[in-house]
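Everything on this sheet refers to the single structure shown next.
Each ligand, and each atom within it, is numbered from 1 in the order the structure gives.
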Amino acid sequence: MASSQGSTNDRFRIVGGCSLKGEVTVTGAKNSVLKLMAASLLAVGKSTIRNVPDIADVDIMADLLKRLGCEVSRDGSNLSITVPEAPAHRADYDLVRKMRASINVLGPLVARVGKAEVALPGGDAIGSRGLDFHIKGLESLGATAHVEHGYVIAEAPNGLTGATIELDFPSVGATENLMTAAVLAKGVTTIDNAAREPDLVDLGEFLISMGAKIEGLGSPLIKITGVSKLNPTDHTTITDRIIAGTWAFAAAMTQGDITIHGGRADHMEVMLEKLAHAGAIITSTADGIRVQMNQRPRATDVATLPYPGFATDLLPFIIAMNAVADGHSMVTENVFESRFMFVNELARLGAHVTVDGKHASITGIAQLSGAPVEATDIRAGAGLVLAALVSEGETTVDGAFHIDRGYPNFAEDLRALGANVTRE
Ligand code: UD1
């Protein structure tokens, strides 16, 4: 079930200097669909997930589910997962290291099989990402959990029991793992300071459609009343707000005009306020939004925060926009410690950015200048491509496979909007 993307050595070659104009359609959200796939483990039989993007991460999660004994097949944008009576319980390092979202099988496996061994994903290029909230939460639900030989090993041979859990930080992954464990626990679980991201709400609705009892989705307090069994389901994934945001920033930066089909303004309120501050004209359309920009962007300060705050995944785009904006700006990263690594690459394009701890201070210049750069993660890679669009001359962005993890057909979509982009 290989995705239609190219090889791991691919790079993007971009000749900058044009305004992006036209229409683009946003596919299903990566950060939702991967979690829905993992949660399908909770019910024996065949679940169908619709609006599934053709991205590398979906293939990795499919491989992981197959290794756990599931059958996975794709028909266009529909994915079917058939879960056996007794799935295996070990998620090996070779797959987990490729994608942190593999950790999302932890909660469902403990709940369904009574045991999970999941490799520690390790750090990645946006900073260390702990699992302490996942582990402490599972212990509150009555599991034993420890780390041994690079694996989290969690066991609950007699099932889980509902508990009151308070998270120190509204971690998306921890809320997901604990919610997908608690749905089969005996009694009531409350998760306080829960994450509120639309992807998490989508997961909650997927679980409800399987027969789970969940209240408070989208609020900081989620209440789950455990049930003894869940049923397979058929669910359509929400659209990807980070991809929609990528196109919105592309329109603003290149002084273009893009209609984003499937872009949900209600999932991007703070981001759209920031773009409006930068000078963009944003209008609702029948099935999405339209972003127009008729001037050089105004410098715009931002601090990232958990949802509904400005998403950390959009950080590279706002820094890239500010790099060519009129004025000076400050961008603060509050979620991940090393997300500014890509700033070194942006500096190769001539951007004036200095980083001090959580803060990046940016002085906009009229145009960047093309150079060879390298993607270090999905969003940094896409951010560099956007920066290349406003660079004079040619830029190559190495590490296209990072971008493939999250963006189906990125080069084709860019070309359809008028960009001079090739993949090689
Ligand atoms: C998810 C998203 C990612 C997004 C992030 C924040 C997926 C596949 N990834 O990542 O794109 O940028 O949410 O919106 O959906 N933390 C701990 N201990 C824990 C768990 C988390 O300290 O047990 C910390 C992390 O190190 C990080 C912060 O909490 O500093 C946020 O992490 P979290 O919300 O868990 O992000 P992910 O679920 O990994």
Item checked: Backbone of L221 reached by a side-chain donor or acceptor of D192 within 3.5 Å -> no
Notebook entry, point to check: Is it true that a side-chain atom of R348 and a backbone atom of P372 form a donor plus acceptor pair closer than 3.5 Å?
Noted result: yes
Using a 4.0 Å heavy-atom threshold (strictly under), name the region of [X] that reaches ligand 1: side chain, backbone, both or neither.
X    : result
R339 : side chain
V335 : both
D132 : both
K35  : side chain
E176 : neither

Notebook entry, point to check: For atom 1 (C) of ligand 1, which candidate among N104, L315, V33, V172 provides the closest heavy atom?
Noted result: V172
Considering distance alone, does some N or O of [X] sit under 3.5 Å from an N or O of ligand 1?
X    : value
K30  : no
P170 : no
G130 : yes
N31  : yes
F336 : no
F133 : yes

Check: Which word best sums up how the rings of W247 and F410 line up, parallel for under 30°, tilted for 30 to 60°, or perpendicular for over 60°?
Finding: tilted
SB check [X] [Y] (cutoff 4.0 Å):
X    : Y    : value
D59  : R405 : no
K35  : D199 : no
D377 : R379 : no
K30  : D240 : no

Notebook entry, point to check: So, D202 versus H235: side-chain donor-acceptor pair below 3.5 Å or not?
Noted result: yes
Next item on the list: Would you mind running through ligand 1 and noting each atom that sits below 4.0 Å from a heavy atom of G173?
Entry: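 In order of number, 35 (O), 38 (O).
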Next item on the list: Please report the C-alpha distance between S209 and T233 in whole Å, then the side-chain angles of each, then the deciding distance to 0.1 Å, and finally whether the side-chain hydrogen bond (donor to acceptor under 3.5 Å, both in side chains) criterion is met.
Entry: CA-CA 6 Å; S209 74; T233 190; 2.7 Å; yes
Notebook entry, point to check: Applying a strict 4.0 Å limit to heavy atoms, is D313 in contact with ligand 1?
Noted result: yes
